[in-house]
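Quick note: residue numbers are just sequence positions, from 1. Atoms within a ligand are numbered from 1 in the order they appear, just like the ligands themselves. Because only heavy atoms are used, hydrogens play no part in the values below, and waters and symmetry mates are left out as well, while side chains stay in. All figures in this text were calculated on a predicted structure; none of them were measured in a lab.
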Amino acid sequence: MDTTMKVMLSFILMLLWSCVECKNHPHPQDPLTPSEFNDVRTIVQNAYPTSHNLTFHYVALDEPNKSELLSWLSSNPKTKPTPSSPPPPRRAFAIVRSQKQSHEITVDLSTRSIVSTKVYEGNGYPMLTLGEIAVATRLPFSYEPFKESVTKRGLNISLVRCNAYSFGWFGEAKTVRSVKIKCHYRNGTTNFYARPLEGVAVLVDFDNMKIVGYNDRYVVPVPKAEGTEYRASKLEPPFGPKLKGIAFKQDGGPGFTIDGHSVSWANWVFHVGFDIRAGLVISQASIYDLQKQKYRPVLYKGFVSELFVPYQDPSEEWYYATFFDSGEYGLGQYMSSLQPLTDCPPNAEFIDAYYASSDGTPVKISNAFCIFEKYAGDIMWRHTEVGIPDEVITEVRSDVSLVVRMVSTVANYDYVIDWEFKPSGSIKSVVGLTGILGLKAGTYTNTDQIKEDIYGTLIADNTIGIYHDHFFTYYLDLDIDGEANSFVKSNLETVRVKDDTTPRKSYWTVVSETAKTEADAKINLGSKPSQLLVVNPNKKSKQGNKIGYRLLPGPAARPLLLNDDYPQIRAAFTNYDVWVTPYNKSEKWVGGLYVDRSRGDDTLAVWSRRNRKIENKDIVLWYTMGFHHVPCQEDFPVMPTLSGGFELRPTNFFESNPVLKTLSPKLVGWPNCTSQH
Ligand SMILES: *[C@@H]1O[C@H](CO)[C@@H](O)[C@H](O)[C@H]1NC(C)=O
Ligand SMILES: *[C@@H]1O[C@H](CO)[C@@H](O)[C@H](O)[C@H]1NC(C)=O
Ligand SMILES: *[C@@H]1O[C@H](CO)[C@@H](O)[C@H](O)[C@H]1NC(C)=O
Ligand SMILES: *[C@@H]1O[C@H](CO)[C@@H](O)[C@H](O)[C@H]1NC(C)=O
Ligand SMILES: *[C@@H]1O[C@H](CO)[C@@H](O)[C@H](O)[C@H]1NC(C)=O
Ligand SMILES: *[C@@H]1O[C@H](CO)[C@@H](O)[C@H](O)[C@H]1NC(C)=O
Ligand SMILES: [Cu+2]
């Protein structure tokens, strides 16, 4: 075989191969596959001397530029079996630690080459990896002073287990990567969080994996194991309240289709992505307009950019507990495999996810996301008309929606994060807080004994649930019918009637303002009655109204820490409930790219000081939904889900009610069921 033949043959093989690949027609936003993670690992490792121990802190798809992506997607819709033009090059972005430095590496997966590398010189460190945490939490067990502390408390060390907690930043001029270790006792219960070894504080240098600080300040009883158990198999009767069996049937299978990571259902299409920091990432959500007979873009991308959880106990063992669950821990890294039938209803379908572990190898999260049609007996719309002689008209439509769910269990807390799509055009995101509280041991068994501030609620004998907050900051890149959008505040203002043409003295009206720059769009909800809208100023409805979507906020909780307190400097993105910035590919993480021990110099609050123009531009809405949590006894030993959610709702986006002609689904499987349609 001569060389030309060889070249030709390999070319034909390549074509064949690319056709095997192209059958899948992967979406350019699909998360990295296990083989891509392995490629990144190999390519990166080959670029460093073998003596360097690399830890992979973040590996994810480096998405193509938005313009490139949108133009490719529009000319290569999913409905076509094969793309007519090659997709944008697939790239990965990795943050790797080597020799105590953070390296940012972009890898081109098609050419298997490194596109760029950069050593990060700024403040802060990347996410803690599970691999490092596993090593750090074993350190106390070979540390004599710790062993003595355990013995002093009359405990058996083989029943002690420890957790690593991010250490924050409290004004130190120089920082090293460090974590605090706190330990619990698991004798007699699986709910070891309820049995803290209080008074002990261990500080670990996380790069050198050494204990560098140790303090055993005081001894209080380890709270008892009784009453902490939550496993049904370990609980004693009586059980109740009793719930009867529930029938659940969806004949003919689900009403949605999942093609890789692309989902279509009713009038919606969207893409479900994964990121080790954010967990679930929704993108390319478009809705079919029955009147216009076409799909119209709504949400280019949405995800939880940060989840800030500051505890309110300033004492030595607790003050640093001001966690950034996305930037320090990774909501994706801590995702739980969803349990069919209980985490999600029987009609759910599941999608797996993969992330890179600290050595770069892919780890699978089975059933990472579930997708299901939800019917909770609610009404989509209705009317009863009794005003017509000899006739009563009642028209009702049941409310069915599509839910995409993830659960992230960041140590003790479980966060259920849902994205819900409604045929009416609304997108809701609902978060549920459950799991186990952050608990502190104390001497008290009754509030009568308490003479000091205990920074929490006495919720069981010797057990204090520490006050804290949960701030969910969402990244919402809305593209309402196109990328160029504006942010409009429609304020409701009282008008005093000045003449006597009406018996009324006042009424309210709407005064709308379009935000010109970032400063105009920093908003604290509830300060005045208003509707916040993202509109497309280049398009109008037939009636001449601006086409838009409005934000219906969920619970608001203003931060209560002082602005100059260190955790609040790092979380300055919660200083306003709503912010708007011009789209910028590198402004994704509100707390900065490097959050562990960050100093707040790369937050949304800093970016937006540039006060860029945001009118008729591609804009991103940042919205924080907050919960102040004053623990109560019902939250123990495991907390019933506390939920809150917000809605993005079409507002003059459609010419009229888009679900006027939606018929209620056929109800099947119930005795005596006469379905309407
Ligand atoms: C790399 O890791 C190995 C095994 O954990 C360890 O023995 C070695 O000291 C490490 N090398 C460096 C340069 O940190
Ligand atoms: C993406 O956009 C940035 C900034 O506009 C540019 O520097 C970069 O080269 C672009 N990347 C690609 C792959 O086009
Ligand atoms: C400590 O617990 C381990 C594991 O349950 C057990 O094997 C061991 O005998 C215990 N030691 C003492 C001193 O009770
Ligand atoms: C473990 O708990 C049981 C009661 O649940 C107690 O009797 C026993 O002494 C405990 N053992 C240790 C080593 O703490
Ligand atoms: C994008 O954001 C980064 C980080 O804030 C900033 O350094 C960069 O200048 C921004 N790019 C543009 C075009 O504004
Ligand atoms: C339901 O059907 C059963 C028999 O099929 C009948 O006995 C019962 O009365 C019906 N109930 C209603 C509410 O119609
Ligand atoms: Cu809470």
A.B. asks: Ring centres of Tyr311 and Tyr467 under 6.0 Å apart?
C.D. replies: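 Ring centres of Tyr467 and Tyr311 not closer than 6.0 Å.
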
A.B. asks: Please confirm whether the ring centroid of His470 lies under 6.0 Å from the ring centroid of Tyr415.
C.D. replies: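 Yes, ring centres under 6.0 Å apart.
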
A.B. asks: List for me each residue that meets salt bridge (Lys or Arg N to Asp or Glu O under 4.0 Å) alongside Arg599, sequence neighbours excluded, and say none if there are none.
C.D. replies: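 Arg599 satisfies salt bridge (Lys or Arg N to Asp or Glu O under 4.0 Å) with no other residue.
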
A.B. asks: Relative to the Cu ion (ligand 7), which of the N, O or S atoms in His629 is the closest?
C.D. replies: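 Looking at His629, the N, O or S atom with the least distance to the Cu ion (ligand 7) is ND1.
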
A.B. asks: Which atoms of ligand 5 have any heavy atom of Asn584 under 4.0 Å away?
C.D. replies: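 Within the 4.0 Å cut-off of Asn584, ligand 5 contributes 1 (C), 2 (O), 3 (C), 8 (C), 10 (C), 11 (N), 12 (C), 14 (O).
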
A.B. asks: In His468, the N, O or S atom nearest to the Cu ion (ligand 7) is which?
C.D. replies: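 Considering only N, O and S atoms, His468 comes nearest to the Cu ion (ligand 7) through NE2.
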
A.B. asks: Salt bridge check, Asp479 against Lys66: does any charged N sit closer than 4.0 Å to a carboxylate O?
C.D. replies: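 Here Lys66 pairs with Asp479 in a salt bridge, since their nearest N and O are under 4.0 Å apart.
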
A.B. asks: Where does Arg610 meet ligand 5, judged by heavy-atom distances below 4.0 Å: at the side chain, the backbone, both, or neither?
C.D. replies: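 Answer for Arg610: side chain.
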
A.B. asks: Taking non-hydrogen atoms within less than 4.0 Å of ligand 3, which protein residues qualify?
C.D. replies: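 Contacts of ligand 3 under 4.0 Å: Asn156, Ser158.
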
A.B. asks: Would Arg612 count as being in polar contact with ligand 5, using the rule that some N or O on each side must be under 3.5 angstrom apart?
C.D. replies: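 Not met; the criterion fails.
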
A.B. asks: Just checking Tyr120 against His103, ring centres under 6.0 Å apart?
C.D. replies: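 That pair fails the under 6.0 Å test.
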
A.B. asks: In this structure, is the centre-to-centre distance between the rings of Tyr214 and Tyr143 below 6.0 Å?
C.D. replies: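 Here the rings of Tyr214 and Tyr143 have centres that are less than 6.0 Å from each other.
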
A.B. asks: When you measure from the heavy atoms of Lys585 to every atom of ligand 5, does any distance fall below 4.0 Å?
C.D. replies: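 No, Lys585 has no heavy atom closer than 4.0 Å to ligand 5.
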
A.B. asks: Do Glu328 and Arg570 meet the salt-bridge criterion of a basic N to acidic O distance under 4.0 Å?
C.D. replies: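 Judged by the 4.0 Å cut-off on N to carboxylate O distance, Arg570 and Glu328 do form a salt bridge.
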
A.B. asks: Go through the side-chain N and O atoms of Asn616 and Ser486 and say whether any donor and acceptor fall under 3.5 Å apart.
C.D. replies: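 No.
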
A.B. asks: For a side chain to side chain donor-acceptor pair (under 3.5 Å) with Thr228, tell me which candidate from Thr463, Asn191, Thr189, Thr190 qualifies.
C.D. replies: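 Going through the options one by one, the only one that passes is Thr189.
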
A.B. asks: To the nearest 10°, how many degrees is the angle His470 NE2 to the Cu ion (ligand 7) to Tyr413 OH?
C.D. replies: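 Reported to 10°, the angle equals 110°.
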
